[in-house]
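A short write-up of the structure that comes next.
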Amino acid sequence: MSVAKKEYKRVTVKSLVDMKQHGEKISMLTAYDYSMAKMVDAAGVDVILVGDSASNVMAGHETTLPITLDQMIYHASSVIRGIDRALVVVDLPFGSYQSDPKEALRSAIRIMKESGAHAVKLEGGREIKESIKRILNAGIPVMGHLGLTPQSIYKFGTYTVRAKEGEEAEKLKEDAKYLEKIGCFAIVLEKIPAKLAKEVAESISIPVIGIGAGNGVDGQVLVIHDMLGITHEFSPRFLRRYLNLYEEITGAVSQYVSDVKSADFPSDDEQY
Ligand SMILES: Nc1nc(=O)c2c([nH]1)NC[C@@H]1CN(c3ccc(C(=O)N[C@@H](CCC(=O)O)C(=O)O)cc3)CN21
Ligand SMILES: CC(C)C(=O)C(=O)O
Ligand SMILES: [Mg+2]
């Protein structure tokens with residue numbers, strides 16, 4: 001397909017749907033702080049996700065469950081100060097939307113008001129439809145998230161590929177259609193068979209962004225620490241590493257340590 005590339009001054013939820021219509025793939029990466037967001041935005045990424053994966057990569061927790069709404073707002077407000085162009089989507093953290101639709105809306109409003117973000121993302125399909133509808137009714141754009149939903153890790157017990165079986169695949173397809181119908185502007189599909197993801201992307205008109213969901217979808221997302229090789233022990237098959245920053249950074253720091261110990265640093269030129 002020929003791709004007429006249009007430069008969007010500021011990416012909006014509408015420009016993403018436009019991109020799908022024109023066959024232009026959507027690039028999305030996570031960021032959790034000002035300096036990283038500035039680089040990711042300058043490099044031309046379309047969507048920045050302030051993911052609850054901050055719980056893992058920023059705070060060192062084993063799962064995404066412990067991160068709080070206040071902490072997500074802190075990360076999101078830092079990211080917003082770093083960007084000129086990207087659309088910024090923020091994960092509603094575990095516990096901030098599952099108990100009831102009113103609380104879900106309150107949580108989404110806090111994110112929009114206190115961080116300046118442009119949209120929120122919630123994990124789940126029809127189980128959380130009332131919450132999604134309430135947030136949408138308040139004029140807040142919602143991104144869906146189906147397939148591997150890390151906030152439900154203890155229900156499944158593993159991070160293996162989801163929706164390989166008929167029934168789970170059918171449910172996912174119906175959920176995706178439902179999310180489109182009620183007005184979500186895009187959907188993340190995480191770690192499901194490429195064939196199923198392609199089928200879903202072709203069955204709806206809103207963009208489908210994949211992570212471990214193959215090349216038949218409308219865009220891709222990765223955790224920035226993974227693609228830069230900072231989380232060097234995390235090696236799922238879907239990950240492409242563009243740098244090995246773990247080695248670069250530990251190398252630079254150990255050089256600094258040795259320069260300080262040997263009194264090589266600072267030199268005559270590096271003092272007053
Ligand atoms: N650093 C980081 N990257 C992510 O992509 C990410 C997070 N954290 N935290 C939240 C979720 C969790 N995600 C995950 C977690 C594990 C696998 C995974 O595939 N892990 C192992 C074992 C899977 C298995 O049990 O089969 C793998 O080898 O692929 C994939 C996505 C995606 N998200
Ligand atoms: C992996 C992406 C989709 C995510 O939800 C996160 O980073 O929290
Ligand atoms: Mg997440």
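Heads up: numbering here begins at 1 and tracks the sequence. Order of listing sets the numbers, starting from 1, for every ligand and every atom in it.
Contacts between Ile211 and ligand 2 below 4.0 angstrom, taking non-hydrogen atoms only, involve the side chain exclusively. Residue-level proximity to ligand 2 for Thr64 is absent, since no heavy atom of it falls below 4.0 angstrom. Residue-level proximity to ligand 1 for Pro236 is carried by backbone and side chain together, each with a heavy atom below 4.0 angstrom. Neither the backbone nor the side chain of His225 has a heavy atom within less than 4.0 Å of ligand 1.
Metal site remark for the Mg ion (ligand 3): Glu123 contributes no N, O or S atom at a distance under 2.8 Å.
Of the candidates Lys191, Met227, Glu233, it is Lys191 that places a heavy atom closest to atom 19 (O) of ligand 1. Of the listed options Pro150, Ser53, Gly51, Pro150 places a heavy atom closest to atom 12 (C) of ligand 1.
A salt bridge between Glu202 and Lys198 is present, with a side-chain N of the basic residue lying under 4.0 Å from a carboxylate O of the acidic one. Checked for salt-bridge contact, Lys9 and Asp84 miss the test: no charged N lies under 4.0 Å from a carboxylate O.
If you check the side chains of Arg10 and Ser15, you find no donor sitting under 3.5 Å from an acceptor. The closest side-chain donor-acceptor pair between Tyr256 and Ser254, if any, does not fall under 3.5 angstrom. Checked by atom type, the side-chain pair Glu62/Asn56 shows no donor-acceptor distance below 3.5 Å. No hydrogens or angles considered: nothing links the side chains of Gln98 and Glu127 as a donor-acceptor pair under 3.5 Å. Using a 3.5 Å distance cut-off with no hydrogens or angles, the side chains of Glu103 and Ser96 do not pair a donor with an acceptor. Side-chain contact check for Gln71 and Tyr32: no donor-acceptor pair (N or O, by modelled atom type) lies under 3.5 Å. Side-chain contact annotation: Gln255 with Asp259, donor-acceptor N/O pair under 3.5 Å present. Side-chain atoms of Asp33 and Ser78 include no donor-acceptor pair closer than 3.5 Å. Remark: the His145 side chain and the Glu190 side chain contain an N/O donor-acceptor pair separated by less than 3.5 Å.
Within 6.0 Å of atom NZ in Lys171, more than 12 heavy atoms from other residues, nucleotides or ligands are found, so the atom counts as buried in its surroundings. Counting heavy atoms of neighbouring residues, nucleotides and ligands inside a 6.0 Å radius, atom OH of Tyr178 exceeds 12 of them.
Of all atoms in ligand 1, numbered sequentially from 1 with element shown, those under 4.0 Å from a heavy atom of Phe238 are 30 (C), 31 (C). Shown in contact with Thr64 at under 4.0 Å from a heavy atom are these atoms of ligand 1, numbered in order with element: 10 (C). If you number the atoms of ligand 2 from 1 as listed, the ones under 4.0 Å from a heavy atom of Val223 come out as 7 (O). Residue Asp91 approaches ligand 2 through these ligand atoms, each under 4.0 Å from one of its heavy atoms: 4 (C), 5 (O), 6 (C), 8 (O). Interface of Asn56 with ligand 1, defined as ligand atoms under 4.0 Å from a residue heavy atom, comprises 7 (C), 8 (N), 9 (N), 10 (C). Using a 4.0 Å cut-off to heavy atoms of Gly51, the atoms of ligand 2 that qualify are 6 (C), 7 (O), 8 (O). The contact set between ligand 1 and Val57, taken as ligand atoms under 4.0 Å from a residue heavy atom, comprises 1 (N). If you number the atoms of ligand 2 from 1 as listed, the ones under 4.0 Å from a heavy atom of Thr30 come out as 7 (O). Residue Glu190 has at least one heavy-atom neighbour below 4.0 Å for each of these atoms of ligand 1: 13 (N), 14 (C), 31 (C), 32 (C), 33 (N). Taking every non-hydrogen atom of Leu49 and a distance limit under 4.0 Å, the qualifying atoms of ligand 2 come out as 2 (C), 3 (C), 4 (C), 5 (O), 6 (C), 7 (O).
Considering backbone and side-chain N/O atoms, Arg237 never comes within less than 3.5 Å of an N/O atom of ligand 1. The distance criterion of under 3.5 Å between nitrogen or oxygen atoms is not met by Tyr32 with respect to ligand 2.
With Leu228 as reference, Leu243 is the one residue of Ile249, Val223, Leu243 to meet the side chain to side chain contact (heavy atoms under 4.5 Å, CB included) rule.
The protein heavy atom nearest to atom 6 (C) of ligand 1 is Val223 CG2, 4.0 Å. Nearest protein heavy-atom neighbour of atom 8 (O) of ligand 2: Asp52 OD1, 2.8 Å. Nearest protein heavy-atom contact of atom 6 (C) of ligand 2 is Ser53 OG, 3.3 Å. Of all protein heavy atoms, the one lying nearest to atom 3 (N) of ligand 1 is Asp226 OD2, 2.5 Å.
Considering just the N/O/S atoms of Asp52, the one nearest the Mg ion (ligand 3) carries the name OD1. Nearest N, O or S atom of Asp91 to the Mg ion (ligand 3): atom OD2.
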Show your working on salt bridge (charged side-chain N to carboxylate O under 4.0 Å, His left out) between Glu180 and Lys177 and close with a plain yes or no. CA-CA 5 Å; Glu180 174 185 41; Lys177 284 193 188 133; over 6 Å; no
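Using a 4.0 Å cutoff on heavy atoms, Lys121 counts as a contact of ligand 2.
Within 4.0 Å of atom 31 (C) of ligand 1, at least one protein heavy atom is present. Protein heavy atoms are found less than 4.0 angstrom from atom 17 (C) of ligand 1.
Counting only heavy atoms from C-beta outward, the side chains of Leu92 and Lys121 never approach each other to under 4.5 Å.
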